[in-house]
There are 2 protein chains.
Amino acid sequence: MNKTKKQIVFEAAAKLFMEKGYLAASMRELAERVGLEQASSLYNHLKSKEDVLRKICLENADKFIKGIDEIERIKNDPITQIKALIHLHINIAAEDPTSVTVFNDEWRHLSEPYLSDFLAKRRNYENRFKAIIEKGIQTEVFKAIDPTVAFYTILTSVRWIHYWYKPERNISIEKLESDIFDLLVKGLQKE
Amino acid sequence: MNKTKKQIVFEAAAKLFMEKGYLAASMRELAERVGLEQASSLYNHLKSKEDVLRKICLENADKFIKGIDEIERIKNDPITQIKALIHLHINIAAEDPTSVTVFNDEWRHLSEPYLSDFLAKRRNYENRFKAIIEKGIQTEVFKAIDPTVAFYTILTSVRWIHYWYKPERNISIEKLESDIFDLLVKGLQKE
DNA sequence: TGCACACGAACGCACATTCGTTTTTAATAT
DNA sequence: ATATTAAAAACGAATGTGCGTTCGTGTGCA
């Protein structure tokens with residue numbers, strides 16, 4: 001099925017936001033990229049520049065929330081849950097790398113009240129992520145290192161995968177997933 | 001010794017760049033923050049907005065290059081080198097978190113040829129970081145996971161520490177360092 | 001007397017967005 | 001097939017705003 005012009009515009013916007021950053025991306029350049037002579041023509045397809053950013057951020061935030069909902073529901077032990085969280089981050093990043101990059105890097109340019117909404121969702125996700133790690137430490141499945149350190153180190157690792165992972169480097173996402181899991185859970189060192 | 005006005009201006013600029021992002025930071029707001037009524041007055045202390053960004057980026061890039069220079073010179077085995085790299089990242093971040101944040105997040109707004117210079121330095125650093133990990137894998141000190149995955153996962157972990165590490169959380173940088181080392185090298189899982 | 005600094009006006013530019021108008025498209029009726 | 005119509009999309013001019021920076025001038029301190 002053909003993409004609507006609206007879809008084309010939104011995808012080009014995400015790409016432009018990713019490449020230049022939200023503030024440096026201009027509606028004039030976006031127009032050019034989708035074959036329009038005038039930026040004003042864009043407004044037949046979108047409400048505003050920020051509205052595009054909002055949709056991208058919200059969409060991805062919901063993906064993560066939905067993901068952790070299911071992980072909490074289905075998985076039980078912390079190790080399997082961590083594995084599932086790695087899986088979640090990699091899959092979302094692989095599915096739409098452009099969109100997840102914008103989500104990750106440009107959310108701070110949301111204006112209120114959308115910024116607060118976004119941050120609330122983010123905090124919610126992070127707290128639940130952290131709780132999984134804390135549970136692992138409490139039940140002595142994980143090492144007795146500082147939970148905050150463990151949490152942020154792992155979250156950071158998986159949150160920025162989109163920065164460097166390019167599928168064409170002929171490493172599959174399955175291998176990527178299991179390598180990251182090995183590294184974070186079992187450590188870099190051999191025995 | 002008292003800070004010169006120039007120092008005050010540069011530090012306030014770094015802080016402003018960090019808080020709002022380089023593009024969203026305005027010279028008028030910077031002026032206000034350092035007690036000047038007019039943005040034009042700033043130009044007695046700095047050459048241009050971008051010049052401030054350049055100095056911040058260059059300064060930090062050199063810190064990392066100098067750091068890895070010494071690590072290559074003094075340390076021998078990959079494990080000790082990784083430990084030293086973690087130490088390096090944490091110390092640079094702790095010493096001047098504001099500046100390292102700007103360095104890390106805003107370099108892309110450098111214009112040519114400074115951008116290319118910066119990226120060359122960055123590539124240099126990353127290649128040498130990666131070489132250490134590859135050596136560890138080749139000599140079978142490290143697990144046989146994909147070197148690129150190992151490299152980026154570790155680099156990402158240490159590169160974004162400034163995002164979340166606040167010294168007032170009463171965890172010392174020594175503990176932070178050893179916990180991150182434990183996690184990355186020995187793994188999260190117990191035994 | 002000179003120098004460092006602050007001021008205030010001004011310049012030129014790029015930006016997102018609005019508006020009224022024209023063109024294109026596609027569905028309907030002849 | 002062709003003509004009619006209404007909606008969708010593109011246009012181009014215009015608006016207002018904020019930006020970095022320059023310049024000429026003034027002020028106060030060494």
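Convention: sequence-line order gives letters A, B, ...; per-chain numbering from 1. Quick note: numbers below take in every heavy atom, side chains included, and nothing from hydrogens, waters or symmetry partners. Here the structure is a predicted model, which means the values were calculated and not measured.
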Which whole-number value in Å describes the distance from [X] [atom1] to [N] [atom2]?
| X | N | atom1 | atom2 | result |
| --- | --- | --- | --- | --- |
| A/Lys20 | C/dC15 | NZ | C1' | 14 Å |
| B/His109 | D/dG20 | NE2 | C1' | 15 Å |
| A/Glu50 | C/dT17 | CD | P | 9 Å |
| B/Leu30 | D/dC19 | CG | P | 12 Å |
| B/Glu37 | C/dA9 | CD | P | 11 Å |
| A/Lys6 | D/dA10 | NZ | P | 14 Å |
| B/Leu42 | D/dT22 | CG | C1' | 14 Å |
| A/Leu23 | D/dG20 | CG | P | 12 Å |

| said: Would A/Asp62 and A/Lys66 count as a salt bridge (Lys or Arg N to Asp or Glu O under 4.0 Å) here? Give the steps. | reply: CA-CA 6 Å; A/Asp62 286 344; A/Lys66 257 184 80 173; over 6 Å; no

| said: Can you confirm if the aromatic rings of B/Phe118 and B/Phe103 lie within a centre distance of less than 6.0 Å? | reply: yes

Side chain of [X], heavy atoms from C-beta onward: which of [options] has the nearest atom to it?
| X | options | value |
| --- | --- | --- |
| A/His45 | C/dT18, D/dA10, C/dG8 | D/dA10 |
| B/Leu36 | C/dA16, C/dC7, D/dC11 | C/dC7 |
| A/Asn44 | D/dA9, D/dT21, C/dT17 | D/dA9 |

Can a side chain N or O of [X] be found less than 4.0 Å away from OP1 or OP2 on [N]?
| X | N | value |
| --- | --- | --- |
| B/Ser26 | D/dC19 | yes |
| A/Lys5 | D/dA10 | yes |
| B/Gln38 | C/dG8 | yes |
| B/Ser41 | C/dC7 | yes |

| message | Let's test your reading of the model: under 3.5 Å, does the base of C/dA16 pair with the side chain of A/Arg28 as donor and acceptor? | response |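 A donor-acceptor contact between them is present.
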
| A/Lys121/A/Glu126 under salt bridge (Lys or Arg N to Asp or Glu O under 4.0 Å): CA gap, chis, key distance, verdict | CA-CA 9 Å; A/Lys121 285 200 174 176; A/Glu126 290 186 2; over 6 Å; no

| task | Count the heavy atoms belonging to other residues, nucleotides or ligands that lie under 6.0 Å from NZ of B/Lys135, then report whether that count exceeds 12. | result |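 More than 12 within 6.0 Å, yes.
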
| What do the steps show when you test B/Glu32 against B/Arg28 for salt bridge (Lys or Arg N to Asp or Glu O under 4.0 Å), and what is the final call? | CA-CA 6 Å; B/Glu32 215 170 70; B/Arg28 284 165 174 84; over 6 Å; no

| query | Just checking B/Ala25: base, sugar-phosphate only, or nothing, at a heavy-atom cut-off of under 4.0 Å? | reply | sugar-phosphate

| message | Need one value for B/Ala31: base, sugar-phosphate or nothing, where a base atom within 4.0 Å counts as base even if backbone is also close, heavy atoms only. | response | nothing

